[in-house]
Amino acid sequence: MTLTKPAAPDLLETPEWRIEGRDKVTGAARYAADIARPGMLHAAFVGSPYPHARVVSVDAEAARTMPGVRAVLAGADVRPARFGRRLQDWPVLAWDRVRFIGDRVAVVAADSLEAAEAAAAAVAVEYDELPAVFDPEAALAADAPMLHPDAAEYTYFGGTRPPRGHPNVQGHVIHEHGDVAVGFENAAAVFEHEFSVPRVHQAYIEPRASLVWIEGETVHVVTTNKAPFALREQMAVTIGVPAARIVVDTPHVGGDFGGKGLSLDEFALYFLARATGRPVRSVLRYADELQISNTRHAARIRLRTGVDRDGRITAHQARVVFDGGAYAAGKPVAGLLPGGPTLTLAGYHVPAARVEAVAVYTNTLPAGHARAPSQPQLTFAAESHLDLIARAMQIDPLELRERNAIRAGETDVDGAVWHDSLAPRVLATLRAASPSGGMAARDNGRGLAFSARHVGRGKTSLTLTLAADGSIEVLTGVADQGGGAHTMIQRVVARELGIDAARVRVRQGDTGHANVDPGVGGSRVTPVAGNAALDGARKLKARIAELGKTLDQAARIAAPLVVTGEGEQNEHLYGVYAYSIEVSVDRETGSFRVVDAVLVADVGTVINPVAVRGQLEGGFVFGLGQAVMEELHIEDGRVTTTNLADYKIPTIADAPPLRLVLITDAPGPGPFGAKSAGELANPAVGAAIANAIDAAVGVRVMSLPITAEKIRSLLRTKELRAADPE
Amino acid sequence: MTYDYHEPETVAEALALLALHGEDAHLVAGATAFTLLWRQGLLRPGHVIGLRRIAALGGITSTEGGLVIGATVTHRAIERAVEVGRYCPALTRTFASVATVRVRNQATLGGNLAHADPAQDPPPMLIALGAEVVATSAAGERTIPVDELFVDVFTTSLRADEILTAVRCPALAPGTRATYLKFLPRTADDYATVSVAATLRLADDGHVADVRVALGACGPTPVRARSVEAALRGARPDARHIADAAARVDADIAPFDDVRGSATYKRDMARVWTERALTELVS
Amino acid sequence: MKLEHTALVRAPRTRVWKLVTDVPAAARCVPGVAAVTPSGTGKYKGSLLVQLGPVRLVLDGDVALTATDEAAGKASVRADAKDSRLGGTVRATMDLTLVDKGEDTELRITSDVQIAGRIGEFGQPVIQRKADQLMTQFAECLARTLA
Ligand SMILES: Cc1cc2nc3c(=O)[nH]c(=O)nc-3n(C[C@H](O)[C@H](O)[C@H](O)COP(=O)(O)OP(=O)(O)OC[C@H]3O[C@@H](n4cnc5c(N)ncnc54)[C@H](O)[C@@H]3O)c2cc1C
């Protein structure tokens, strides 16, 4: 049998053709907002103008009688429906209390969007303002306004909600290992620094959109949600309809970056569809994306680390306070914190650590998941902190990292023992790839940053069907949010069967047709769905072998041949990566340019060569935006950056050159030894740039974004101090 | 929500439509600024009058060393026009620095000036060149120096019954140098944090014969930096002198905080970029 | 957003007090205010037209004197208004303090203005400027009226 022999050259080394590429570039691809149904109505919401208030009354009389209006619903009509991914704490429409500006109190369905918006503006809501709290530390005070007095009523998926020390806590965790007190006693020096990171938005191009209709007993949902099966489960609880009677369909997704796991509108649309008997659609305005959707958590991070005379870490202590906003609904993780909240020195050997992380309710827009949740915040802090330590100890920053990088058998900051570690190799590779010697210009400087990101975990399955013409159809529930998941599945199957990729079609089924899948996220798709594809291909191969035929012969005589591929990845493993970035600073203005950037990344076997580059280069630019320019400005709970002209993200003209050095020969747990790539590039950019700025002009920016104005202001203070040491 | 869209072919027809619909009418040219406000629901006119079919509002003409640019000429067309490059390369660069090619292909000169966002690029350059606009109403034409066009944020001295029909750039005295510097610390397609336009002519003996300096994003309107000009006029500028003159820009501007920088930072940057612009012009 | 304004009024404190606590009369000093009519003790209804470049807002709402202490020369006013066409709201609280300055009176106004909904999306710096302008004109007009 010739099936096992891969076609030459190896398919994995040939650049991939994206399955959806043609449809996307020709405009044929359909997104949720493109989909309409006959008789469809449009929805518009009424949001609270107050950050915290009691809803006294909602008067919808005038709105109801306006032309084209089919239904107006308020909190009383949906009570007690709340939604959320892990904790359902967000009312579909607030009935007694609003908790942030924009929190919804009523919704209108009308024949046109304009009619719906006009009616929404005519809904009269009476509020009774309550004291609001915007600062997470203040929200933890004993006498702080309480946001969720009814927390006991909330549904929490997966057991009982962990106990909390304060009613404004969303999630709280303390990790401790080793003897921290002794570690600090033995330290030659102890350093303590505090960093802060603001709210940022995922800034995908496609805003959330959804369409809901009811056909007989079945609720149909078309959505931008990247985890359709999870949405089905959440929705079943929220609207009180069994999951088996809800079908969720996610068409092409126009970017996600972690944000699209939370749905906002679908639940209210269900109640409108029920009230009117018509399909109802809503497309979020981008202004609302920036004001009410789940952003990355702002964080204040205090790190304290003891080192011996050689700079080796003896003990570490940290406190991380995440601003969770008004609802915890966007967080899918059991602890109701952004994932990996205690990785305050990821990728290093830390013999003793005590790390506390808390996410807190405030009267601001909710925070949820964003590409590599919590890592950009923590890596900015950790890698700035280590650089400051290296500077103070007069140790070369790369040297300091090499001394502390975790090795096989050592314990990391989370108390986990690494059985294998590529950390030293990644740093050695970075050393080789970074130019040595002096800088090209006086105000240039080079900074580095190193970190680790887990390889995704989870479980999924998909079906493979061999058709009579010898083609194979893979039916999967994995939505492709732009990362190339479907192409990856195609190539894994094709390579294992030794056939041309074009013979494998990948079809995404809605929740009524495909097998259950946990959804895109957590760097999970390649190691988990990829393993399922590989397992399916192997099972198919085994069936063909049992028949004693070639694939084509088997197809002719036994089609359709159907197998289920199952994939699971539970190993606790990390991909490590490191940046070296050179900047050139204009002292007079504080502005700077990245003149060189190198990223060394441990990605395992590459399945989609173009997509891996795309993930790393795209992740770099994504990280750059959040490092140097992105910030949702929030004043007294109100977002003031309400459009993409004020909230700027980098354009292609702003993308500096990036040199990529991939380590691909250390196999991971995914198909053919693949690991994950999607979240390796963005978290460390901020620290590498802050470190480079310090190396260039000797000032230290302790908060993101690293703006020209901050640098200029630090330089000015320094100049003034130099001029007048008093 | 809809509106009636009118496409007159002459200025007279457009003026008649304006008179007929009064406050319920809104002019558009490239509609880049209009559409944003309309989509946000901030503008709800019943009648929209499109100007781009009016042939008389198009075209760029050279006139005895000067230039007349029609109101509906796009930014891109100005950026690419040979006449404009010949007249003043800095004017070409000014238009090339606006937003992105996509916006420049659509946005017009008249729309830019009438929109009156204080962070826009062309206004300070046109002020530094001493340009004026032609405003036409049923009563006839009047000219307004660009310097006097801007009243407040998004507000000009054009009357509701007037259409901006053209911009006239005067002939520049031989030896006049010009520059436009746009400070963009965030992205390449952003509005300026501050911007500086300047024209300068040195007499044969090295004294400053003429100088005009204008800044964008430094207050509710683009501003002329008269204190800076006064400090330079008649002087023989060296580096010290330029630095001192640039420092006087503080008296000319009234910046406020925005996402591109605090008022304090803008003041500091106005000085730095004024100094850079002047240094470039005397070197 | 918090704003501070001060104006020197060439009139004794008692006269200034009478004017600032007479809501309809004081409101005449806010450019763009249309009718202000009583709607209960210390409460009024009114409307304000604000022009922001090409954008025109019509704010209808309630104004109330929420606290007065003549001896201390302190009064507080609260306004809640809505543009029902655009669906935006404006809420303002103003604390007025009158201080004797010989024959004259210094009027200090501390205001906190919150703008939500679509109007707030117009651009905060612009709105802030407009609110500041209105308050400046208000203070100047009061001074003029009594001079
Ligand atoms: C994404 C984006 C980025 C931008 N970045 C920049 C930038 O970096 N620098 C910069 O300078 N500008 C920038 N702009 C602003 C841009 O320059 C203006 O939107 C544009 O110039 C307006 O021209 P228009 O022809 O599209 O005007 P329109 O939108 O058609 O009209 C704008 C206003 O002017 C009035 N008007 C138009 N023509 C006339 C006329 N002939 N007579 C009287 N009134 C008239 C209209 O009634 C309307 O109120 C940006 C705009 C966008 C959308």
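Convention: sequence-line order gives letters A, B, ...; per-chain numbering from 1.
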Working for salt bridge (charged side-chain N to carboxylate O under 4.0 Å, His left out), residues C/Glu4 and C/Lys2
CA-CA 7 Å; C/Glu4 303 258 348; C/Lys2 308 222 174 6; over 6 Å; no
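- Side chains of C/Thr110 and C/Asp95: a donor-acceptor N/O pair is absent below 3.5 angstrom, by distance only.
- Taking chain A as the reference chain and counting heavy-atom pairs below 4.5 Å, the highest number among C/Ile127, C/Ile115, C/Asp83 is found for C/Ile115.
- Defined by atom type and a distance below 3.5 Å, a donor-acceptor pair is present between the side-chain atoms of A/Lys710 and A/Ser703.
- A/Asp103 and A/Ser48 form no side-chain donor-acceptor contact under 3.5 Å, judged by distance and modelled atom types alone.
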Steps toward salt bridge (charged side-chain N to carboxylate O under 4.0 Å, His left out) verdict (A/Arg712, A/Glu709)
CA-CA 5 Å; A/Arg712 171 66 193 152; A/Glu709 178 164 3; over 6 Å; no
Quick one: do A/His148 and A/Tyr327 satisfy ring pair (Phe, Tyr, Trp, His ring centres under 6.0 Å)? Show the steps, please.
CA-CA 9 Å; A/His148 290 268; A/Tyr327 297 104; 5.4 Å; yes
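- With a 4.5 angstrom heavy-atom cutoff, A/Val639 does not touch chain C via any of its atoms.
- Using modelled atom types, one finds no donor on one side chain facing an acceptor on the other under 3.5 Å when comparing A/His42 with A/Ser112.
- Note: A/Thr640 leads A/Thr641, A/Asp646, A/Thr640 in heavy-atom pairs under 4.5 Å with chain C.
- Contacts between residues 197-210 of chain A and chain C, defined by a heavy-atom separation under 4.5 Å, are made by no residue at all.
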